[in-house]
Enquirer: 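Have a look at this one before I ask anything.
On a predicted model such as this, the values are computed, not experimentally measured, just so you know. So that the names make sense, note that chain A is the first sequence line, chain B the second, and so on, each numbered from 1.
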Amino acid sequence: GQQLNQSPQSMFIQEGEDVSMNCTSSSIFNTWLWYKQDPGEGPVLLIALYKAGELTSNGRLTAQFGITRKDSFLNISASIPSDVGIYFCAGPSDAGGTSYGKLTFGQGTILTVHP
Amino acid sequence: EPEVTQTPSHQVTQMGQEVILRCVPISNHLYFYWYRQILGQKVEFLVSFYNNEISEKSEIFDDQFSVERPDGSNFTLKIRSTKLEDSAMYFCASRLGTVRYEQYFGPGTRLTVT
């Protein structure tokens with residue numbers, strides 16, 4: 001099945017630094033979703049991308065849909081302690097053109113922010 | 001802002017027992033999903049539900065699992081005879097319609113099978 005690979009696996013940064021992470025796939029995705037998960041909580045949707053090359057912002061977060069449609073990037077500017085968590089990319093798996101929208105998730109990037 | 005809710009937040013059960021996990025999706029959404037996340041791992045798809053029937057399921061979703069939408073608001077996941085390896089966080093998610101793929105997740109139910 002389709003797989004999403006995220007890098008880096010983990011990041012340790014100082015408060016105020018910018019963060020960049022990415023997600024790659026061996027197959028094309030037509031939609032990219034970025035989620036954040038706090039410990040013991042459900043994933044919270046951050047950004048949705050629908051078009052190759054699209055750049056979308058949500059506050060200090062900016063995500064891009066790669067031109068090849070096989071990758072996506074998430075940037076966080078001026079990180080703060082509450083940015084701590086696991087960031088997942090996800091995309092809907094299209095099986096032969098019929099998709100009920102099941103999401104394939106990457107393995108996540110763990111972000112730690114030191115004050 | 002509308003949100004997906006799940007109950008209970010934590011369920012402890014003995015191996016072989018039946019459990020029912022409950023979810024209330026966002027009210028005008030049409031697609032419903034269950035996912036699970038084993039501790040420290042990624043989120044995995046279990047089943048999707050649309051138009052009052054299962055539309056897709058993963059190989060994890062075997063005969064021990066079932067889903068139901070008994071009324072206009074609840075969406076349940078039943079595990080008939082729990083195994084130790086069913087211990088995980090179970091998330092319900094809902095999606096508005098066919099055009100957009102955003103799914104909104106509930107807070108999860110932590111299932112512990114002893």
Side-chain angles (χ1 to χ4, degrees), chain A residues 1-7 9-10 21 23-25 28-51 54 56 58 63 65 69 72 85-110, chain B residues 1-7 9-10 21 23 25-26 29-51 53-61 67 88-110 112:
Chain A
Q2 293 173 303
Q3 288 198 355
L4 296 177
N5 297 306
Q6 289 188 244
S7 65
Q9 285 191 326
S10 59
M21 61 188 79
C23 184
T24 59
S25 170
I28 286 172
F29 277 78
N30 292 314
T31 299
W32 289 92
L33 305 173
W34 283 94
Y35 288 88
K36 180 183 180 231
Q37 185 179 33
D38 291 330
E41 302 286 328
V44 174
L45 181 65
L46 299 173
I47 291 179
L49 301 161
Y50 284 90
K51 206 169 160 185
E54 179 182 357
T56 297
N58 177 6
F65 192 142
R69 296 198 282 159
S72 180
I86 306 176
Y87 291 81
F88 290 100
C89 61
S93 306
D94 263 331
T98 301
S99 173
Y100 295 97
K102 75 173 187 185
L103 295 180
T104 297
F105 279 77
Q107 79 276 27
T109 292
I110 302 170
Chain B
E1 187 171 316
E3 57 184 20
V4 177
T5 59
Q6 290 186 244
T7 54
S9 56
H10 190 188
L21 310 183
C23 168
I26 296 173
H29 283 195
L30 300 178
Y31 292 82
F32 313 111
Y33 306 85
W34 284 100
Y35 293 82
R36 80 171 185 191
Q37 185 181 33
I38 293 170
L39 187 64
Q41 297 187 21
K42 65 180 181 180
V43 178
E44 300 176 286
F45 168 79
L46 290 178
V47 65
S48 60
F49 193 85
Y50 171 70
N51 204 25
E53 61 183 17
I54 290 174
S55 46
E56 198 169 3
K57 58 186 180 180
S58 73
E59 56 205 27
I60 302 168
F61 194 90
V67 290
M89 281 288 282
Y90 287 81
F91 295 108
C92 172
S94 70
R95 172 180 152 220
L96 176 60
T98 52
V99 176
R100 299 193 61 95
Y101 285 96
E102 291 102 305
Q103 291 182 25
Y104 297 88
F105 284 74
T109 293
R110 178 172 298 285
T112 303

Enquirer: Closest heavy-atom contact between Leu45(A) and Glu102(B)?
Expert: CD2-CG, 3.4 Å

Enquirer: Examine whether an atom of Ser48(B) lies under 4.5 Å from a heavy atom of chain A, and if so say whether it belongs to the side chain, the backbone or both; otherwise answer neither.
Expert: side chain

Enquirer: CD of Glu41(A) to CE of Met89(B): how many Å apart, nearest 0.5 Å?
Expert: 7.5 Å

Enquirer: Kindly give the heavy-atom pair with the smallest separation between Gly101(A) and Arg95(B), and that separation in Å.
Expert: CA-NH1, 3.5 Å

Enquirer: Output the distance between atom CD (Gln6(A)) and atom NZ (Lys42(B)), rounded to the nearest 0.5 Å.
Expert: 9.5 Å

Enquirer: Give the member of Pro107(B), Ser55(B), Gly108(B) that has the highest number of heavy-atom pairs under 4.5 Å with chain A.
Expert: Ser55(B)

Enquirer: If you count heavy-atom pairs under 4.5 Å between each of Gly91(A), Pro43(A), Gly106(A) and chain B, which one has the most?
Expert: Pro43(A)

Enquirer: Of all heavy-atom pairs between Pro92(A) and Tyr101(B), which one has the smallest distance, and what is that distance?
Expert: CB-CD2, 3.5 Å

Enquirer: Give, for atom CD of Gln41(B) and atom CZ of Phe105(A), the distance between the pair rounded to the nearest 0.5 Å.
Expert: 14.5 Å

Enquirer: Considering only heavy atoms and a distance below 4.5 Å, find which of Glu44(B), Gln6(B), Arg100(B) pairs most often with chain A.
Expert: Arg100(B)

Enquirer: So which atom in Tyr35(B) and which in Leu103(A) form the shortest heavy-atom distance, rounded to 0.1 Å?
Expert: OH-N, 3.0 Å

Enquirer: Which distance, rounded to the nearest 0.5 Å, do you find between the OH of Tyr35(A) and the OH of Tyr104(B)?
Expert: 7.5 Å

